[in-house]
Amino acid sequence: MTHGPLAAVCRSAGWQVTELDLTGVLDKAAFMARCVRSLDLPEWFGRNWDALGDLLGDPDWGPASPGRLLVVTGWRPYARARPDEWETAQEVLESASGYYQGSDAALSVVLSLGGSDQLPPDQPG
């Protein structure tokens with residue numbers, strides 16, 4: 001998803017594009033570990049929802065102007081396995097994107113529904 005048309009458009013507008021691939025994540029501990037690795041969070045971060053929200057809303061991590069697109073992929077198995085945790089994760093991501101309202105940068109989160117983000121070679125496009 002970070003190499004498809006949406007990512008290309010965002011990059012051409014000067015945005016950072018980051019993928020949070022949750023493939024294989026089935027619990028909160030794995031979700032937090034994946035966030036550390038994919039989002040380049042510090043190892044010392046507390047691995048809880050409040051700490052994640054705080055870091056995502058921190059201008060030192062946050063998007064440079066004009067913004068950062070965070071593309072979440074492979075999330076459906078986690079959402080099915082731990083629906084309450086997934087609901088909390090979505091709330092944290094939504095809240096973090098709201099931190100940047102009124103600033104010169106934005107954080108946008110996209111939940112990828114799967115499939116290909118590229119057209120087959122024989123399709124115009």
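Worth knowing before you read on, the calculation uses all heavy atoms, side chains too, and leaves out hydrogens, waters and symmetry mates.
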Subject >> Check against side chain to side chain contact (heavy atoms under 4.5 Å, CB included), Val36 and Phe45 >> reply: CA-CA 8 Å; Val36 168; Phe45 127 83; 3.5 Å; yes
Subject >> side chain to side chain contact (heavy atoms under 4.5 Å, CB included) evaluation trace for Leu39 with Thr18 >> reply: CA-CA 7 Å; Leu39 305 179; Thr18 304; 3.7 Å; yes
Original post:
How far apart are the C-alpha atoms of Trp86 and Leu22, what are their side-chain angles, what is the distance that settles it, and do they pass the side chain to side chain contact (heavy atoms under 4.5 Å, CB included) test?
Top reply: CA-CA 11 Å; Trp86 177 241; Leu22 298 180; 3.8 Å; yes
**OP:** Begin with the C-alpha distance, continue with both residues' side-chain angles, and end with the deciding distance and a verdict on side chain to side chain contact (heavy atoms under 4.5 Å, CB included) for Arg76 and Tyr78.
**Re:** CA-CA 5 Å; Arg76 286 183 172 185; Tyr78 178 47; over 6 Å; no
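For the pair Arg34 (side chain) and Thr23 (backbone), a donor-acceptor distance under 3.5 Å is present. With Ser97 contributing its side chain and Glu94 its backbone, the two residues share a donor-acceptor pair below 3.5 Å.
Of the inter-residue distances, the one linking Leu6 atom CG with Leu69 atom CG reads 5.5 Å to the nearest 0.5 angstrom. With rounding to the nearest 0.5 Å, the separation of CZ in Arg37 from CD in Glu43 is 10.5 Å. For the atom pair OG (Ser112) and CG (Leu20), the distance works out to 11.5 Å, reported to the nearest 0.5 Å. Separation of atoms CG (Leu52) and CG (Leu93) is listed at 6.5 Å; rounding is to 0.5 Å. Once rounded to the nearest 0.5 Å, the distance linking CG of Leu56 with SG of Cys35 reads 7.0 Å.
Partners of Thr88 under the side chain to side chain donor-acceptor pair (under 3.5 Å) rule, at least two apart in sequence or in another chain, do not exist in this structure.
Closest approach of Cys10 to Val17, counting heavy atoms only: CB-CG2, 4.0 Å.
When only modelled atom types and interatomic distance are considered, Glu19 and Thr73 share a side-chain donor-acceptor pair under 3.5 Å.
Within the 4.5 Å cutoff, the side chain of Leu70 has no heavy atoms near those of the Ser108 side chain.
Aromatic pair Phe31/Trp75: ring centres not closer than 6.0 Å.
More than 12 heavy atoms of other residues, nucleotides or ligands shown are found within 6.0 angstrom of CD on Glu91.
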